[in-house]
Amino acid sequence: MTTDPFVAHRNLLFTVAYEMLGSAADAEDVLQESWLRWAAVDQAGVNDPRAYLVRIVTRQALNRLRTLSRSRVDYVGEWLPEPLLTSPDVAEDVELAESVSMALMTVLETLGPTERAVFVLREVFDMPYGEIAEAVGKSAAAVRQTARRAREHVAARRPRVRVSRTEQQAVVEEFLAALRTGQVRELMELMAPDVVLVADGGGIAAAALAPLHGAELVAAVLGRANQVKGAVETTPVWLNGDPAGRIEVDGEPAAISLVVEDGLITRVYLVRNPRKLTRLDEPARLSR
């Protein structure tokens with residue numbers, strides 16, 4: 001029995017949609033829309049089902065992204081990508097893990113819809129410029145220029161120094177231990193002086209409405225939960241291909257991801273919006 005190409009490539013298609021949208025829920029909606037379009041196609045005439053399906057998903061994701069770009073203007077506070085529970089195996093594909101990391105996903109949010117689509121398809125999935133051009137409705141020459149601009153934009157904003165997964169995991173575990181006990185001094189010692197905390201509560205859960213800067217302030221804010229709310233439960237998990245943490249404060253869940261450079265935490269991403277924490281019980285299936 002032949003497997004339907006959509007089913008065979010579903011993990012890849014979900015990954016494309018998620019990297020373009022930053023939302024697993026929206027990615028699933030895009031896949032549903034794409035499936036309906038695929039089902040209406042004369043599939044016998046499709047020479048390369050994988051490329052054809054990626055084009056369908058890209059077009060649907062672009063439509064969704066343009067709509068979301070307008071709605072996110074009214075979002076309460078900072079908007080962060082929806083964290084995905086991933087298995088440690090995802091980290092073995094370094095390029096895939098890097099492409100779905102919270103650090104890079106937040107940078108992708110600063111690109112326009114077409115730039116984001118071109119960057120994802122070229123830099124992550126290594127699609128030929130001609131295929132990308134068909135997917136985004138531009139000429140191959142225009143796509144090359146867009147890809148160059150997007151690469152430069154991302155390179156100027158992504159973390160410059162990455163550490164090994166082992167070192168990242170060690171720092172995360174120290175951080176979670178300090179967070180669990182509310183040790184502000186220990187938290188500060190793990191952070192770079194210019195560390196930045198970005199929190200996403202979506203207007204539903206309490207969270208800083210703007211990024212917080214500086215180790216002293218960030219450590220004080222994070223340590224305060226233990227003093228005000230009581231016991232903080234922390235669980236090491238893998239989120240978006242990196243060691244990270246799942247947190248519960250007074251029964252309220254959160255997900256926390258860290259960027260570690262030169263042994264110190266330079267960025268803290270804290271997701272408290274409960275609508276973005278519904279997929280942390282089963283690892284997402286990602287592939288390139």
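In this text, all values refer to a predicted model and were calculated from it rather than measured experimentally.
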- Run the numbers on Arg158 and Glu98 for side-chain contact (heavy atoms from CB on, under 4.5 Å), then give the verdict. CA-CA 10 Å; Arg158 75 197 309 173; Glu98 173 69 14; 3.2 Å; yes

Is the shortest side-chain heavy-atom distance between [X] and [Y] below 4.5 Å?
| X | Y | answer |
| --- | --- | --- |
| Val218 | Leu187 | no |
| Tyr52 | Asn47 | no |
| Trp238 | Leu85 | no |
| Val195 | Thr266 | no |
| Leu111 | Arg149 | no |
| Ser34 | Leu13 | no |
| Leu190 | Leu264 | no |
| Met20 | Thr58 | yes |

How long is the span from the [atom1] atom in [X] to the [atom2] atom in [Y], to the nearest 0.5 Å?
| X | Y | atom1 | atom2 | value |
| --- | --- | --- | --- | --- |
| His153 | Arg116 | NE2 | CZ | 10.5 Å |
| Leu80 | Ser23 | CG | OG | 12.5 Å |
| Leu84 | Met102 | CG | CE | 9.0 Å |
| Thr86 | Arg285 | OG1 | CZ | 13.0 Å |
| Trp38 | His9 | CH2 | NE2 | 8.5 Å |
| Asp26 | Leu31 | CG | CG | 12.0 Å |

Examine distances only and state if a side-chain atom of [X] and a backbone atom of [Y] form a donor-acceptor pair shorter than 3.5 Å.
| X | Y | value |
| --- | --- | --- |
| Thr15 | Ser287 | yes |
| Thr110 | Thr106 | no |
| Thr181 | Ala177 | yes |

Could you check whether [X] pairs with [Y] (Lys NZ or Arg NE/NH1/NH2 to Asp/Glu carboxylate O, under 4.0 Å)?
| X | Y | result |
| --- | --- | --- |
| Glu82 | Arg275 | no |
| Arg288 | Glu95 | yes |
| Arg267 | Glu261 | no |

Under the rule for side chain to side chain donor-acceptor pair (under 3.5 Å), what residues qualify as partners of [X], not counting sequence neighbours?
| X | answer |
| --- | --- |
| Glu28 | Arg10 |
| Arg151 | Glu123 |
| Asn273 | Tyr75 |
| Asp281 | Arg246 |

Search all heavy atoms of [X] against all heavy atoms of [Y] and return the closest pair with its distance.
| X | Y | result |
| --- | --- | --- |
| Leu104 | Ser99 | CD2-CA, 3.5 Å |
| Pro113 | Leu62 | O-CD2, 3.4 Å |
| Ala254 | Arg272 | CB-CG, 4.1 Å |
| Ala97 | Ala91 | CB-CA, 3.9 Å |

So if you build clusters from Ile, Leu, Val, Met, Phe, Trp, Tyr with side-chain heavy-atom gaps below 4.5 Å, do [X] and [Y] land together?
| X | Y | value |
| --- | --- | --- |
| Val271 | Leu108 | no |
| Val232 | Val171 | yes |
| Val260 | Val100 | no |
| Ile256 | Ile265 | yes |
| Val57 | Val120 | yes |

Taking salt bridge (charged side-chain N to carboxylate O under 4.0 Å, His left out) as the test, write out the residues that go with [X], two or more places apart.
| X | value |
| --- | --- |
| Asp89 | none |
| Glu78 | none |
| Glu19 | none |

All N/O donor-acceptor pairs, side-chain side in residues 129-145, below 3.5 Å, sequence neighbours left out:
unit_1 : atom_1 : unit_2 : atom_2 : d
Tyr129 : OH     : Arg122 : NE     : 3.4
Ser139 : OG     : Ala142 : N      : 3.1
Gln145 : OE1    : Arg148 : NH2    : 2.9

- Hydrophobic cluster partners of Val94 (side-chain heavy atoms under 4.5 Å):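 Joined to Val94, directly or through intermediates: none.
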
- Task: Output the rest of the hydrophobic cluster of Leu209: all Ile, Leu, Val, Met, Phe, Trp and Tyr residues reachable through side-chain heavy-atom contacts under 4.5 Å, sorted by chain and number.
- Result: Val76

- Might you confirm whether atom CD of Glu216 has over 12 heavy atoms from other residues, nucleotides or ligands at distances under 6.0 Å? no

- Message: Can you confirm whether more than 12 heavy atoms, excluding those of Glu152, are under 6.0 Å from its CD atom?
- Response: yes

- Message: Set out, in order, the CA-CA distance, both residues' side-chain angles and the distance that settles side-chain contact (heavy atoms from CB on, under 4.5 Å) for Tyr269 and Leu258, then state yes or no.
- Response: CA-CA 6 Å; Tyr269 299 108; Leu258 310 175; over 6 Å; no

- Item | Contacts of type side-chain contact (heavy atoms from CB on, under 4.5 Å), residue Leu36, not counting sequence neighbours | Gln32

- Audit row: Lys276, Asp200, side-chain contact (heavy atoms from CB on, under 4.5 Å) steps and yes/no: CA-CA 9 Å; Lys276 295 183 178 182; Asp200 179 345; 2.5 Å; yes

- Query: Do Asn240 and Tyr18 have a side chain donor and acceptor closer than 3.5 Å?
  - Reply: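 Present: a donor and an acceptor within the cut-off.
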
- Message: Which residue is it: Val196, Val198, Leu217? I am looking for the one with a side-chain contact (heavy atoms from CB on, under 4.5 Å) to Leu212.
- Response: Leu217

- Where at least one partner belongs to residues 181-198, residue pairs that pass salt bridge (charged side-chain N to carboxylate O under 4.0 Å, His left out), sequence neighbours excluded: none

- Between Val54 and Phe125, does a side-chain contact (heavy atoms from CB on, under 4.5 Å) hold up when you go through it step by step? CA-CA 10 Å; Val54 169; Phe125 298 97; over 6 Å; no

